[in-house]
Amino acid sequence: MPGNKYNLSSSHIPLSRTERLLRERELRDKRRSNRALNPNDNPDNSENDLRLEGDSSRQQYVEQYLEGAAAAMAHDDVCERQEVRPYNRQRLLVVANRLPVSAVRRGEDSWSLEISAGGLVSALLGVKEFEARWIGWAGVNVPDEVGQKALTKALAEKRCIPVFLDEEIVHQYYNGYCNNILWPLFHYLGLPQEDRLATTRSFQSQFTAYKKANQMFADVVNEHYEEGDVVCFHTYDYARHFVSACTRILGLEGTPEGVEDQGRLTRVAAFPIGIDSERFIRALEVPDVIQHMKELKERFAGRKVMLGVDRLDMIKGIPQKILAFEKFLEENASWRDKVVLLQIAVPTRTDVSEYQKLTSQVHEIVGRINGRFGTLTQVPIHHLDRSLDFYALCALYAVTDVALVTSLRDGMNLVSYEFVACQEAKKGVLILSEFAGAAQSLGAGAILVNPWNITEVAASIGQALNMSPEEREKRHRHNFHHVKTHTAQEWAETFVSELNDTVIEAQLRISKVPPELPQDDAIRRYSKSTNRLLILGFNATLTEPVDNQGRRGDQIKEMDLNLHPELKGPLKALCSDPSTTIVVLSGSSRSVLDKNFGEYDMWLAAENGMFLRLTNGEWMTTMPEHLNMEWVDSVKHVFKYFTERTPRSHFETRDTSLIWNYKYADIEFGRLQARDLLQHLWTGPISNASVDVVQGSRSVEVRAVGVTKGAAIDRILGEIVHSKSMTTPIDYVLCIGHFLGKDEDVYTFFEPELPSDIIPAIARSRPSSDSGGTRSSSVGGDRRPPSKSTHHNNNNNSKSSSKSSSSNSNHHNNKASSQRSLQTTKSGSNNHSLGNSRRPSPEKISWNVLDLKGENYFSCAVGRTRTSARYLLGSPDDVVCFLEKLADAPAPNSS
């Protein structure tokens with residue numbers, strides 16, 4: 001992928017994400033140094049190094065930023081024909097609701113473009129590393145094809161790509177759903193009340209339009225996307241709350257890095273945006289700005305200047321700011337003729353009734369305060385309902401003594417950055433809302449306030465106006481350094497670097513994800529085999545899905561495990577085949593398996609294989625001898641304690657394990673409780689006990705050492721071989737389940753070419769000189785407990801890399817067969833005392849119970865991408881479909 005810095009097939013990829021990002025930062029620093037030494041080598045230098053002399057318009061600055069694109073695009077075309085990227089710059093597709101230009105139609109096929117610069121455009125002005133192209137709505141309805149073609153051509157010269165939305169879509173999607181639902185939600189405001197059925201229908205139609213508009217944007221992005229491009233969606237997202245929402249609403253796993261779903265990671269991180277600080281610093285040297293500063297100083301001579309620059313929006317806290325200023329004047333009569341508040345309120349969404357009410361409210365408050373504290377010659381508040389051009393704004397920033405930013409909730413608020421950049425001479429004080437994103441960056445040098453607390457804001461105004469020059473200097477120095485170093489260029493480079501690394505991380509993860517089960521091949525080999533073994537999990541594999549009607553977690557229904565109703569026919573057909581042996585291997589109790597599978601002719605292995613029976617026989621135990629269960633009572637006491645203190649949690653008691661489940665509890669509280677529970681366990685009841693602690697996604701299980709599905713499978717095989725008087729080796733194994741990582745050793749147990757230290761409870765012998773490379777192994781059917789070394793090496797989630805050179809090829813296509821010899825010996829050992837019969841072993845027999853070639857072994861995880869299984873199936877429904885096809889497979893002789 002051209003956009004990536006590393007070739008994924010290379011062994012030189014840094015192992016950790018931090019190493020990769022540090023390496024990327026070093027490369028960026030080198031590129032900057034090279035540009036500084038050879039400024040003429042950058043063909044875009046003249047485009048981006050704008051000096052501003054003789055220009056008093058912020059819009060013209062943006063225009064200059066967008067100009068020259070036609071020449072650059074022509075150069076790009078040459079490079080693309082040569083299949084190279086110009087100057088190694090990566091394309092950045094910025095997808096926003098509005099383009100940075102607005103179109104005005106001058107004729108049938110003639111358009112003029114007007115700049116409508118916003119915060120994101122301003123931030124990207126200083127970005128030089130990336131070839132930015134904008135995708136969005138041009139702010140005008142263009143129903144005819146001729147007009148669309150002409151506008152597309154005109155916008156292409158500005159590196160802009162239009163999305164053509166009609167007026168109704170825009171009204172419903174943007175003015176409706178975005179402003180009525182999303183904006184209040186993302187800014188912690190109340191949603192409109194659905195007090196009438198018509199209102200509800202209106203919201204539904206707005207959401208339909210929202211989905212349609214997003215699809216139209218996606219179609220345009222897909223049309224123009226090239227391999228290696230980076231797509232940046234400009235949206236409002238607060239990282240912590242986004243992760244929390246995914247966790248609580250979708251039930252996904254939230255991590256410090258983002259959100260995980262079945263091994264797929266969606267990276268969520270905070271990237272505070274910056275400004276092109278040099279642009280503001282240079283503007284203060286422009287003659288027009290210097291003259292304007294002089295005029296402002298003369299106009300407000302003898303008075304301290306306080307400044308507010310905001311959009312006229314509910315979240316900006318303009319009424320709260322003005323009321324706090326009124327309280328300050330009320331309590332500090334000596335300041336009434338010595339301070340003035342200049343409030344710039346840029347109108348926005350003037351057609352929305354809530355904003356019209358806000359405008360009237362602000363005007364009313366300003367009029368009342370000016371009438372109360374003003375005189376015939378001066379007023380305390382100067383309020384403007386319009387924006388200022390760039391130079392006028394810079395001059396105003398430069399003469400200000402105190403800047404007031406009182407947002408009730410704000411994503412970033414770059415006004416605070418712009419003010420600091422223009423204050424190198426005056427070193428004014430910044431009063432900043434703690435609810436603005438900038439508070440995390442400039443909080444050390446600013447006076448932080450709660451804008452809802454009018455008294456606190458009024459007191460902060462007094463503190464700022466009376467602050468000593470030394471303290472002003474210290475505060476300004478801190479913030480000025482941050483604004484100078486955390487620029488828009490740095491923001492863009494960091495953001496895209498992290499985005500690129502996320503692509504690398506995703507591809508590294510995908511490379512470890514097994515492929516989907518090749519069902520046709522599995523069925524074909526099933527039909528050709530003569531003695532088959534099918535090992536099936538139960539929970540989340542063969543269970544019936546619960547219809548929650550869109551709600552999360554119906555606890556009563558989900559705790560009652562039931563066999564999928566569509567599996568009854570396929571299971572009966574498979575069980576009736578004398579050449580097929582089915583084992584349901586589950587962590588569930590014996591009673592659960594009896595209830596669901598009692599009518600079928602199959603083997604049931606409950607509690608991870610520790611109890612076994614043929615459905616027409618009695619339960620027997622396959623547990624190792626002398627299993628120590630003295631820890632049960634003390635662990636049960638801890639589980640009971642945490643169940644009482646964690647609403648909707650529960651614990652299950654089984655003969656070989658205890659499980660505490662908090663799946664239905666509050667997710668974040670459940671995790672905290674689980675962490676506390678584990679600390680109690682490790683320092684108390686199990687500190688010296690021979691137990692394993694198995695952590696599921698939302699459960700904690702304590703089981704005796706050696707209780708795993710893989711550790712039990714050899715003993716289960718011994719019972720099956722004896723019961724069926726099996727004389728033909730097993731030549732086909734299918735193992736499907738949604739198993740915990742600890743129990744995935746059942747997958748590796750049957751791998752024909754795994755090294756000896758992977759498989760538990762198996763004693764391997766060296767192949768003899770005439771074995772032709774075939775490994776032989778004995779599976780202990782005498783039910784002796786596994787050795788301590790076996791438990792120690794029971795690593796379920798990874799495979800050893802110590803395979804012989806002959807097995808370096810893909811094990812999925814391994815042609816070598818593995819023959820494991822099963823020895824059952826008559827045992828005089830005592831039975832385990834849990835009220836279950838233990839069948840004595842028959843007389844000693846020795847033969848190869850497994851003659852399993854690599855292509856005849858199919859291990860398959862259900863719904864788990866992080867697995868040691870060979871293949872994947874997505875859900876129990878996929879399992880049902882596959883088993884239905886398997887049951888219809890022809891017999892060996894019929895093919």
Side-chain angles (χ1 to χ4, degrees), residues 59 62 65-66 92-104 111 113-125 132-143 148 151-152 154-156 158-187 189 203 205-225 229-238 242 271 273 311-316 346-352 354-355 387 409-414 437 492 495:
Q59 291 189 345
V62 181
Y65 171 74
L66 295 171
L92 178 65
L93 300 185
V94 183
V95 184
N97 175 62
R98 285 291 300 270
L99 293 173
V101 296
S102 293
V104 178
W111 294 86
L113 303 178
E114 297 178 356
I115 302 303
S116 54
L120 183 62
V121 181
S122 300
L124 288 173
L125 290 178
R133 300 195 181 189
W134 291 72
I135 296 177
W137 181 51
V140 63
N141 182 31
V142 191
Q148 290 184 3
L151 180 56
T152 300
L155 288 171
K158 307 294 185 185
R159 290 181 180 165
C160 293
I161 302 166
V163 178
F164 292 106
L165 305 174
D166 61 49
E167 291 180 355
E168 181 62 21
I169 287 286
V170 171
H171 176 70
Q172 293 271 3
Y173 133 74
Y174 188 71
N175 296 333
Y177 192 76
C178 290
N179 286 340
N180 286 339
I181 305 298
L182 295 184
W183 181 266
L185 276 178
F186 290 160
H187 293 87
L189 302 176
F203 288 164
S205 66
Q206 290 172 9
F207 182 60
T208 301
Y210 175 77
K211 292 190 292 184
K212 183 177 180 180
N214 274 273
Q215 185 60 55
M216 295 171 72
F217 271 86
D219 292 341
V220 175
V221 171
N222 187 56
E223 179 183 352
H224 292 274
Y225 174 82
D229 286 354
V230 173
V231 183
C232 161
F233 286 86
H234 176 49
T235 184
Y236 299 91
D237 65 332
Y238 303 110
F242 178 79
F271 297 95
I273 201 170
R311 281 186 300 104
L312 193 54
D313 197 300
M314 276 87 72
I315 68 165
K316 296 299 183 178
V346 182
T348 180
R349 301 170 187 161
T350 54
D351 57 338
V352 179
E354 285 80 3
Y355 289 84
S387 60
R409 175 62 61 180
D410 225 343
M412 191 62 200
N413 195 298
L414 295 179
F495 175 75

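Among residues two or more places apart in sequence or in another chain, the ring-ring contact (aromatic ring centres under 6.0 Å, His included) test is passed with Y355 by none. Contacts of E167 classified as side-chain contact (heavy atoms from CB on, under 4.5 Å), with partners at least two apart in sequence or in another chain: N141.
Contact annotation: the side chain of I315 approaches that of W183 to within less than 4.5 Å [non-hydrogen atoms, C-beta and beyond]. A heavy-atom distance below 4.5 Å is found between the side chains of F207 and K211. Side-chain atoms of V142 and W111, non-hydrogen and from C-beta on, do get closer than 4.5 Å to each other.
Nearest heavy-atom pair across F164 and M216 is O-CE, 3.0 Å. Nearest heavy-atom pair across P162 and L99 is CA-CD1, 4.3 Å. Nearest approach of L113 to A154, heavy atoms of both residues: CD1-O, 3.8 Å. In this structure, Q172 and A209 approach most closely via the heavy-atom pair CB-CB, 3.4 Å. Residue R311 comes nearest to T348 through the heavy atom pair NH1-CG2, 4.0 Å, listed as atom of the first residue, atom of the second, then distance. The two residues N97 and F217 come nearest to each other via the heavy atoms O-CZ, 3.9 Å.
Panel note: side chain D166, backbone I169; a donor-acceptor pair is recorded below 3.5 Å. Between the side chain of N214 and the backbone N or O of Y210 there is at least one donor-acceptor pair closer than 3.5 Å.
Rounding to the nearest 0.5 Å gives a distance of 15.0 Å between OG1 of T208 and OH of Y173. Distance check: R98 CZ to C160 SG gives 11.5 Å after rounding to the nearest 0.5 Å. Atom CD of E168 and atom NE2 of H171 lie 6.5 Å apart (nearest 0.5 Å). Atom-to-atom distance recorded for I135:CD1 and L93:CG is 5.0 Å, nearest 0.5 angstrom.
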Next item on the list: Please report the C-alpha distance between N413 and K316 in whole Å, then the side-chain angles of each, then the deciding distance to 0.1 Å, and finally whether the side-chain contact (heavy atoms from CB on, under 4.5 Å) criterion is met.
Entry: CA-CA 10 Å; N413 195 298; K316 296 299 183 178; 4.0 Å; yes
